[in-house]
Amino acid sequence: MDKLRITGGRALEGELTVSGAKNAALPIMCASLLSSQPLKLSNVPRLMDVSTMAKLLAQMGVDVSRSEHSLTLTAKDIKDPTASYELVKTMRASVLVLGPLLARCGRAKVSLPGGCAIGQRPVDQHVKGLQAMGATIAIEHGYMHAAAERLRGARVVMDLVTVTGTENLMMAAALAEGTTVIENAAREPEVLDLARCLGAMGAKIHGAGSDVIRIEGVSSLSGASHKVMPDRIETGTYLAAVAAAGGKVRLAGAEPRSLDATLEKLREAGSKISVLDSSIEIEMHERPRAVSVRTAPFPGFATDMQAQFMALATVAEGTALITETIFENRFMHALELQRLGADISIEGNTAVVRGVQRLQGASVMATDLRASAGLVIAALVAEGETVVERIYHLDRGYEAIEKKLGVLGARIERVR
Ligand code: EPU
């Protein structure tokens, strides 16, 4: 299993280009199931999760052709509308095939995702929405067996804000008969990017990016070309790394508007941030100040940035309260950060982080994707050597992280 060996203590300097967004690419890849014509995607990040999704789609009969950061998906015939446990258990986003398969084939068999390191993560809202659109969904032997002659438009009020739930319903509704209204929809920029791609395929979607999305179903969708939006969490992760380690870095190819909450908190921590159209420059030459964050659906502070800000807080001046409201078990990194000398106590869904002068390198274990990113940030500021184990989590969501940090001057290497 690969590890990362990081020797901390060096400021980060230079320029990086942000990759395409994992959490936009994955649902957009599933949108290919809605049309028999090619969906041509660019700015697709080279990540394990993208490969897993490509494998899942290929198993169903989708023709996948990939080169560098482009991907063409052609779902001419869907041979088998099944998502097996083997793939779904490794990547929960696989559940995003449910809506499109049901809309296109009238049936789908998708494994229930099972347990997850960060929380329960049920899919009841996906199921509830599809049922409102006329689907029957039975759970047998760990699989959701869904069927519908043709989905009908419906008004769906989500009990809570769910990103992939909103995306699944939006894709299903694109081919349903009549109009669907999703209320309490997720407003995440990735939902909007999916809506843009579906729009290019001929779907009629209004209000994406707000909490009420209206979809007028059409009888078929065409192929399209779409450029995946920049990854706001990757962007935020590198910004938090500079805020913690110090230095001056320009991130090109970013989408600053998708990062307002993160940028505000980084400024509060003392970093100087300048934003141009599609680039963000951060400069930090002092010890960060403690900043408290509370995760919330977009446009609130992203849960996917929580671990990175906890890492930042470990070396900040003062005490930060980090409150997680989206997932009930997303503090696994706290214990690992403590191994590096961080002073953290957990009270319910709040971590109280008292900043220390310095962290010390040690071996730590990554437990999920963003937790791993938090550990990498802590390792960059820790004295001496830190070894981050189980970095397959990082490879799921950060393209060439050791190369990108290496370009900025970090002492980091992958040990195979
Ligand atoms: N929830 C339910 N029922 C549902 C769906 C969700 O109770 O049917 C709950 C979840 O358990 C959670 C909350 O609703 O407590 C929000 O979960 P959401 O459904 O929004 O999460 P998701 O769609 O499964 C996506 C991202 C996650 C990100 C969350 C929150 C993708 C592929 N994944 O997950 O990304 O943390 O939204 O923003 O878009 C990551 O990239 O590391 C990652 C975990």
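In each ligand, atom 1 is the first atom listed, and ligand 1 is the first ligand listed. Here, residue 1 is the first one in the sequence, and each next residue gets the next number.
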- Query: Just checking, is any N or O donor in the side chain of Lys404 or Ser19 under 3.5 Å from an acceptor N or O on the other one?
  - Reply: yes
- For ligand 1, would you mind listing the residues that have at least one heavy atom less than 4.0 Å away, ordered by chain and number? Lys22, Asn23, Ala93, Arg121, Pro122, Val123, Asp124, Gln125, His126, Leu160, Val161, Thr162, Val163, Thr164, Thr303, Asp304, Ile326, Phe327, Arg330, Leu369, Arg370
- Item | Identified side-chain hydrogen bond (donor to acceptor under 3.5 Å, both in side chains) counterpart of His333 within the set Arg370, Gln306, Gln308, Gln338 |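 So the option named by the test is Gln306.
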- Query: Who are the ring-ring contact (aromatic ring centres under 6.0 Å, His included) partners of Phe301, not counting sequence neighbours?
  - Reply: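 Applying ring-ring contact (aromatic ring centres under 6.0 Å, His included) to Phe301 gives Phe309.
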- Please name all residues satisfying side chain to side chain contact (heavy atoms under 4.5 Å, CB included) with Glu328, sequence neighbours left out, ordered by chain then number.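 With neighbours one apart ignored, the set is Gln120.
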- Query: What pairs with Arg196 under side chain to side chain donor-acceptor pair (under 3.5 Å), at least two apart in sequence or on another chain?
  - Reply: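 Scan of Arg196 (side chain to side chain donor-acceptor pair (under 3.5 Å), adjacent residues dropped) gives Asp193.
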- Task: Have a look at Met365 and tell me which of Met332, Arg339, Glu336 forms a side chain to side chain contact (heavy atoms under 4.5 Å, CB included) with it.
- Result: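 Of the listed residues Met332, Arg339, Glu336, the side chain to side chain contact (heavy atoms under 4.5 Å, CB included) partner of Met365 is Glu336.
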